[in-house]
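Every chain is numbered from 1, with letters handed out A, B, ... down the list of sequences. These numbers come from the heavy atoms of this one structure, side chains and all, not from hydrogens, waters or symmetry mates.
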There are 2 protein chains.
Amino acid sequence: MTEPIRRSPCPINFALELFGDKWTLLIIRDLIFMRKKGYGEFMESPEGISTNILADRLRQLVDNGLIEKYPDHNDKKKFVYLLTEKGEALVPVLVEIIRWGVQYDTQAKNAIPIEVSARLKSDAMGFIEETRKSVRKERKQYLKWLAS
Amino acid sequence: MTEPIRRSPCPINFALELFGDKWTLLIIRDLIFMRKKGYGEFMESPEGISTNILADRLRQLVDNGLIEKYPDHNDKKKFVYLLTEKGEALVPVLVEIIRWGVQYDTQAKNAIPIEVSARLKSDAMGFIEETRKSVRKERKQYLKWLAS
DNA sequence: CCGGATCCGTTTCGATACTG
DNA sequence: CAGTATCGAAACGGATCCGG
């Protein structure tokens with residue numbers, strides 16, 4: 001039987017400012033599952049983040065290397081935030097959170113399309129991989145697009 | 001290719017007060033990996049939670065059905081907080097967080113025993129299952145012990 | 001008009017002292 | 001030991017302003 005991890009200056013601390021913050025979590029959700037990229041898009045989320053908080057969290061995420069900020073090639077006034085590899089690697093965490101919600105939270109269960117929750121049950125790994133790939137692909141495409 | 005989950009009153013909201021809060025996350029870590037059960041034990045954690053916050057978060061966790069509060073059979077003045085099934089189901093989430101940390105955060109990498117991080121790489125599912133089983137077993141034993 | 005920065009009133013949080 | 005009460009500090013929401 002595995003011993004508890006115990007001791008050590010405590011794992012998880014690294015994740016506190018990430019998962020210990022409501023707004024950061026919401027932005028990551030938007031990045032991964034809603035495929036949002038722009039400041040304006042994040043602002044539209046129903047939770048109603050305010051401008052200062054959003055700017056602050058985006059800066060934090062950039063500082064921590066989870067996202068990168070690029071000019072928007074469609075509109076030179078805008079910017080685009082893309083998940084880095086490190087950010088993309090959070091997909092499994094988010095998916096596990098959602099799986100938990102689907103199992104134990106009625107509201108979450110209802111909020112998520114049936115085919116998705118079925119997929120989560122039958123093939124979570126596949127779902128995770130596809131989501132990651134899709135995020136990575138979008139990023140690559142965008143960067144190529146931007147270079148041209 | 002999987003479509004993004006998109007739309008719906010947004011998944012994840014259910015998890016905000018859980019994962020959107022630093023202290024809650026730390027308590028859950030203690031419950032799962034440090035096998036802590038008592039108020040005093042949580043207080044000892046190096047992050048230094050204060051009494052009111054701890055009391056508040058424990059109450060929240062009880063209200064949300066993640067833990068249950070029982071009298072301590074060793075010491076009638078004390079209490080014991082045990083993860084419910086719903087709480088135990090968070091193990092995969094925590095493990096994914098740690099896996100992410102081990103990959104992308106130097107501090108986390110160093111904080112976690114080598115054999116654990118090796119295990120996480122080679123057999124995360126097994127590790128998760130063992131951890132869950134172990135949590136469940138401890139709970140059952142405690143409840144039996146309490147009844148006697 | 002878009003992506004912020006700044007200021008400010010309010011709420012929430014958390015450290016400390018204190019209590020049953 | 002397991003909390004509550006208090007009170008200062010920090011975070012937040014909202015409005016406003018500003019540079020491109």
| query | Salt bridge between B:Glu17 and B:Arg57, side-chain N to carboxylate O under 4.0 Å? | reply | no
| Do A:Arg35 and A:Glu41 meet the salt-bridge criterion of a basic N to acidic O distance under 4.0 Å? | no
| Base, sugar-phosphate alone, or nothing: which one does A:Phe79 contact when heavy atoms must sit under 4.0 Å apart? | sugar-phosphate
| note | Of B:Gly48 and A:Leu58, the one whose nearest nucleotide on DNA chain C sits closer to the 5' end is A:Leu58
| query | When we call it a touch if two heavy atoms are under 4.0 Å apart, what does A:Ile53 touch: a base, just sugar-phosphate, or nothing? | reply | sugar-phosphate
| On the ring face of A:Phe42, is A:Lys36 found with NZ or CZ under 6.0 Å from the centre and within 45° of the axis? | no
| message | I'd like to know if B:Glu68 and B:Arg139 make a salt bridge, using a cut-off of under 4.0 Å between side-chain N and carboxylate O. | response | yes
| Atom-to-atom span, NZ of B:Lys78 to C1' of D:dG3 - whole angstrom | 14 Å
| What does B:Lys77 touch in the nucleic acid at a heavy-atom separation under 4.0 angstrom: a base, only the sugar-phosphate, or nothing? | sugar-phosphate
| query | Rounding to a whole Å, what distance do you find between A:Trp23:CH2 and D:dG14:C1'? | reply | 13 Å
| request: Examine D:dC12: is either OP1 or OP2 under 4.0 Å from a nitrogen or oxygen in the side chain of A:Arg57? Give yes or no. | output: yes
| Pairs involving residues 81-103 of chain A, ordered by first then second residue, that meet salt bridge (Lys or Arg N to Asp or Glu O under 4.0 Å) (sequence neighbours left out) | A:Glu88-A:Arg132, A:Glu88-A:Arg136, A:Glu96-A:Arg99
| Which part of the nucleic acid does A:Lys69 contact within heavy-atom distance under 4.0 Å: base, sugar-phosphate only, or nothing? | sugar-phosphate
| request: Mind calculating the distance between OH (B:Tyr81) and C1' (D:dC1) to the nearest angstrom? | output: 11 Å
| note | Assert: residue with more 5' nearest nucleotide on DNA chain D, out of A:Asp21 and A:Thr51, is A:Asp21
| field | Distance, rounded to the nearest Å, where B:Met43 contributes CE and D:dT4 contributes P | value | 14 Å
| request: Round to a whole Å and report the spacing from CG of B:Leu61 to C1' of D:dA2. | output: 16 Å
| task | Would you kindly give the CD1-to-P distance between B:Ile49 and D:dT4, to the nearest whole Å? | result | 14 Å
| Base D:dG3 paired with B:Asn52 side chain (donor-acceptor, <3.5 Å) | no
| query | Which two nucleotides bound the region of DNA chain C that has atoms under 4.0 Å from heavy atoms of chain B, read 5' to 3'? | reply | C:dG14 to C:dA17
| message | Rounding to an integer number of Å, can you tell me how far B:Leu16 CG sits from D:dA11 P? | response | 19 Å
| said: Would A:Lys69 and A:Tyr81 count as a side-chain contact (heavy atoms from CB on, under 4.5 Å) here? Give the steps. | reply: CA-CA 5 Å; A:Lys69 181 178 182 175; A:Tyr81 298 88; 3.5 Å; yes
| query | Stepwise, does the side-chain contact (heavy atoms from CB on, under 4.5 Å) test hold for B:Ile28 with B:Leu94? | reply | CA-CA 9 Å; B:Ile28 293 173; B:Leu94 276 277; 4.0 Å; yes
